[in-house]
Amino acid sequence: MAAAERDGSEQGREIPLTGPGERLALNGMGSFEWNLGTGTLLLDAAGLAVFDLEPEEFDDTPEGLGLRIPADDSARLADTVIEVLDGGGETYGSYFTVQRRDGRDQWTHTQGRVLRDADGRPLRIVGIVRDATAELAHATVLRRLETARAQQATIVQRTTEALSRAVTVDDVTAALTGAGALERLGADGLALGLVENGAIKIIALSGETLEILSERQFTRLDGSLPLSRAVLTRTARFVTSLADLADEFPLLADYLSRIRYDAAAYLPLIAQAQAIGGLVLFYRRRTEFSPEERNLCLGLAGIVAQSLQRALLFDQEREFATGLQAAMLPRRIPEITGGEIAVRYHSAWSGREVGGDWYDVIALPRDRVGIVVGDVQGHDTHAAAIMGQLRIALRAYAGEGHSPSTVLARASRFLAELDTERFATCMYAQVDLETGGVRAVRAGHIGPLIRHTDGRTGWPNVRGGLPLGLASLFEREEFPETRLDLVPGETLVLCTDGLVEEPGTDISQGMDALAQAVRSGPQGAGALADHLSDRLWERWGSGDDVALLVLRRAPDPGTHRAPRIHQYVHQADPEGLSEARYALRQALRDWGMPELADDVELAAGELLVNALLHTDGGAVLTMEVLPEPVRRIRLWVKDRSSVWPRRRTPGEAATTGRGLLLVDALASHWGVESRGDGKAVWCEFDVDRIRHVGG
């Protein structure tokens with residue numbers, strides 16, 4: 001009872017109120033008053049405690065605080081006060097350092113108010129000072145955490161962006177090991193491995209000294225190394241001293257002494273509940289992994305795992321697609337006499353979306369060869385399957401000896417009878433390499449490109465019909481033939497639109513680029529095909545399949561004693577005549593007979609103009625040296641008309657009809673011969689007679 005009364009009396013006892021100074025002191029704050037007129041600075045006991053000063057140590061002046069405030073901080077604090085006084089301000093606040101007598105730096109905060117007279121002149125400053133170390137320490141920790149979170153978010157964002165563009169496994173490794181990749185990951189080194197047939201295959205290494213790990217490119221998945229154990233257990237391991245791993249993993253001991261890293265994170269790569277590989281991130285001068293850093297590493301492993309799984313699936317689909325496409329295309333190209341053929345095929349980089357592009361070379365009767373490129377509508381396995389059937393059918397029709405127009409008509413009917421909604425474009429030509437005759441037909445496809453012996457290129461006007469399938473659907477199975485001549489040394493280029501077409505641009509730009517690439521390319525068919533693939537398919541063809549066929553007729557230089565040149569002049573080529581005249585003059589100069597140039601050039605011009613004006617199609621010009629028994633120059637102009645020219649006797653006012661008269665006057669002999677499906681007009685020039693007359 002007495003105890004209860006005593007407790008009650010104590011509880012009821014009033015606690016005396018504290019004064020303002022005591023209230024500040026209890027919260028670690030001191031006050032000051034600075035008389036600006038006298039320069040005296042008065043600090044209360046709590047203020048002296050903030051500055052770690054005894055009363056006898058302080059002389060009541062601002063300069064007396066220099067014992068505790070570093071000079072730089074003192075100057076900065078003075079500038080703050082002067083700025084407020086001169087600017088008419090009323091308050092200020094500033095952080096500065098106090099050096100306590102035990103050597104510890106203490107963050108301190110001061111806040112003051114300026115008292116002014118009626119005219120605004122400053123008289124005194126009153127304020128408080130306090131120990132701000134704990135406050136700033138907490139803020140510093142928060143800032144560090146915030147900075148670390150921002151850095152981690154940046155690492156995740158940059159890594160995600162880099163890997164989002166990766167399509168193949170090679171793309172993934174390039175994104176992880178390329179320029180700036182380690183900086184993006186926040187690591188100093190990296191090793192990446194894939195699970196393959198019960199082992200881990202190292203597919204990427206990046207970082208100084210890590211190349212020695214390539215000695216163990218394949219490691220059995222048995223837990224004998226930290227990465228394989230992390231993959232087996234599907235548990236990440238964070239190591240802050242690599243040297244400590246030597247006893248646990250003897251196989252690693254030899255490498256630990258040669259790699260210059262202190263810490264590492266061994267991370268399994270898990271995708272759809274399956275361990276597909278492992279990632280090691282190496283670090284220098286790291287003594288711990290905070291929870292945030294561990295979560296960052298695990299997040300990075302998840303991003304890499306998803307990218308790798310996507311890339312592995314793409315590579316598998318890619319392998320399937322290219323294998324299927326290769327099975328549909330001819331396994332070998334038949335050897336030909338009188339020329340060379342090269343073919344190239346590139347699949348689009350779109351996974352399993354195989355296309356219907358194809359090429360074929362068909363041996364035909366009478367030593368002719370059929371060449372074809374085509375494209376079935378669509379980019380899927382159905383398009384590839386139709387392509388395979390259509391290619392075989394077209395090959396069969398061509399092999400039976402049908403004309404080109406009949407081959408495409410039957411192929412169109414075959415495609416229509418397959419009961420598919422797909423159609424196909426096609427370019428087909430029969431080539432006789434002995435005579436150079438080409439019979440070309442086109443079904444909705446781009447025509448051929450020809451490179452002439454002088455380097456010029458041209459797109460001959462090959463008449464066309466509707467695409468295969470559509471032609472039969474609309475009952476318009478008409479594929480008119482166009483006759484072309486391929487002189488010795490000329491090259492014929494056939495391709496699908498993937499080589500010349502880029503989405504969003506006009507196809508004419510791609511055709512111009514192809515013509516330029518052919519002009520600047522090498523002479524051989526194989527080398528030219530590689531040149532075109534490198535220049536154009538890498539430029540814009542990767543979005544579509546590309547089939548390419550290059551045929552070059554063997555050049556015919558003649559012999560040293562009997563040289564020979566050939567030139568094709570297209571009927572619609574305005575530069576062809578001048579180019580032919582230049583070629584003749586240059587050849588005669590090279591052969592040591594420049595004195596014949598004027599006569600030969602004039603006669604050739606008359607024969608060519610006669611052929612181009614009065615026949616349907618172009619003309620082939622041939623000039624050769626006939627050494628025996630009398631050395632002479634023979635000029636041939638071959639066309640596809642069976643109508644022979646006749647010499648006329650024009651009147652004085654006639655503007656035509658003198659061509660053969662000129663040839664007869666200039667040449668030693670001239671004549672006309674039948675040549676297959678056309679004729680050849682020829683004339684000869686006696687070299688010795690012309691030189692004797694000229695002499």
Side-chain angles (χ1 to χ4, degrees), residues 366 368 403-406 429-442 447-448 450 452-453 456 458-464 478-488 490 492 553 556 564-581 583-584 600-624 634-650 654-667 669-684:
R366 300 191 300 276
R368 292 170 300 148
S403 67
S405 58
T406 303
Q430 289 183 2
V431 183
D432 186 338
L433 287 171
E434 183 178 355
T435 65
V438 179
R439 300 169 65 187
V441 287
R442 190 166 59 87
I450 294 180
H452 304 294
T453 54
R456 293 180 302 117
W459 298 88
N461 182 23
V462 176
R463 293 171 295 171
E478 300 168 0
F479 301 98
E481 293 185 11
T482 300
R483 300 293 185 93
L484 304 173
D485 285 285
L486 199 66
V487 305
E490 286 190 332
L492 193 67
R553 189 179 177 193
D556 180 21
R564 184 184 298 116
I565 68 164
H566 302 272
Q567 191 89 3
Y568 178 73
V569 182
H570 195 278
Q571 195 170 37
D573 184 5
E575 298 181 0
L577 284 172
S578 61
E579 294 288 345
R581 293 190 184 101
L584 293 177
V600 171
E601 185 179 336
L602 181 57
E606 292 298 330
L607 294 180
L608 284 171
V609 168
N610 190 59
L612 297 177
L613 286 178
H614 301 293
T615 65
D616 183 17
V620 177
L621 171 67
T622 300
M623 184 174 69
E624 59 183 335
R634 171 169 283 194
L635 198 67
W636 299 87
V637 174
K638 178 186 173 185
D639 59 56
R640 295 195 174 279
S641 173
S642 59
V643 178
W644 285 32
R646 57 188 180 85
R647 186 168 57 180
R648 293 180 290 171
T649 306
T655 58
T656 61
R658 295 184 174 86
L660 291 180
L661 292 177
L662 280 173
V663 172
D664 185 56
L666 294 171
H669 307 281
W670 72 275
V672 184
E673 295 180 3
S674 296
R675 289 292 182 89
D677 56 354
K679 66 178 181 300
V681 183
W682 60 269
C683 58
E684 294 182 354

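Predicted model, so just to flag it, every value in this text is computed and none were measured.
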Is the backbone N or O of Val487 less than 3.5 Å from a side-chain atom of Glu490, with the two atoms forming a donor-acceptor pair by type?
yes

Nearest heavy-atom approach of Ala580 to Val569 is CB-CG2, 4.0 Å

Working to the nearest 0.5 Å, report the span between CG of Leu666 and CD of Glu601.
11.5 Å

Output the distance between atom CG (Leu577) and atom CG (Leu621), rounded to the nearest 0.5 Å.
10.0 Å

Approximate separation, where rounding is to 0.5 Å, of Leu608 CG and Gln567 CD:
9.5 Å

Audit row: Thr482, Asn461, side chain to side chain contact (heavy atoms under 4.5 Å, CB included) steps and yes/no:
CA-CA 8 Å; Thr482 300; Asn461 182 23; over 6 Å; no

Residue pair Val663, Val681: steps toward the side chain to side chain contact (heavy atoms under 4.5 Å, CB included) verdict:
CA-CA 11 Å; Val663 172; Val681 183; over 6 Å; no

Asn610 side, atom CG; Asp639 side, atom CG - distance, nearest 0.5 Å:
8.0 Å

Quick one: does Ser405's side chain have a donor or acceptor within less than 3.5 Å of a partner on Pro480's backbone?
no

Tightest non-hydrogen contact, residues Pro448 and Leu484, listed as CG-CD1, 4.4 Å

With a 4.5 Å cut-off on side-chain heavy atoms, are Arg442 and Phe479 touching?
no

Side chain to side chain, Lys638 and Thr622, heavy atoms closer than 4.5 Å:
no

For the student: nearest non-hydrogen atoms of Trp682 and Val672, plus distance:
NE1-N, 3.8 Å

Is there a donor-acceptor contact under 3.5 Å from the side chain of Lys679 to the main chain of Ser641?
yes

Counting N and O atoms only, with roles assigned by atom type, does the side chain of Arg553 sit under 3.5 Å from a partner on the main chain of Glu434, one being a donor and the other an acceptor?
yes

Closest approach of Ala603 and Leu635, non-hydrogen atoms and distance?
C-CD2, 4.3 Å

Give, for atom OG1 of Thr453 and atom NE2 of His566, the distance between the pair rounded to the nearest 0.5 Å.
9.0 Å

Between Val637 and Ala611, which heavy-atom pair has the shortest distance, and what is it?
CG1-CB, 4.1 Å

Is a side-chain donor or acceptor of Arg439 paired with a backbone partner of Glu481 at a separation under 3.5 angstrom?
no

Where is the tightest heavy-atom contact between Val438 and Ala429, given as atom of each residue plus distance?
CG1-CB, 4.0 Å

With side chain to side chain donor-acceptor pair (under 3.5 Å) as the test, would you mind laying out the steps for Glu684 and His669 before giving the verdict?
CA-CA 5 Å; Glu684 294 182 354; His669 307 281; 5.0 Å; no

Distance-only polar pair, side chains of Trp636 and Glu673, donor-acceptor under 3.5 Å:
no

Between Arg368 (side chain only) and Asp432 (backbone N and O only), is there a donor and an acceptor less than 3.5 Å apart?
no

Using 0.5 Å steps for rounding, measure from the SG atom of Cys683 to the CG atom of Leu660.
10.0 Å

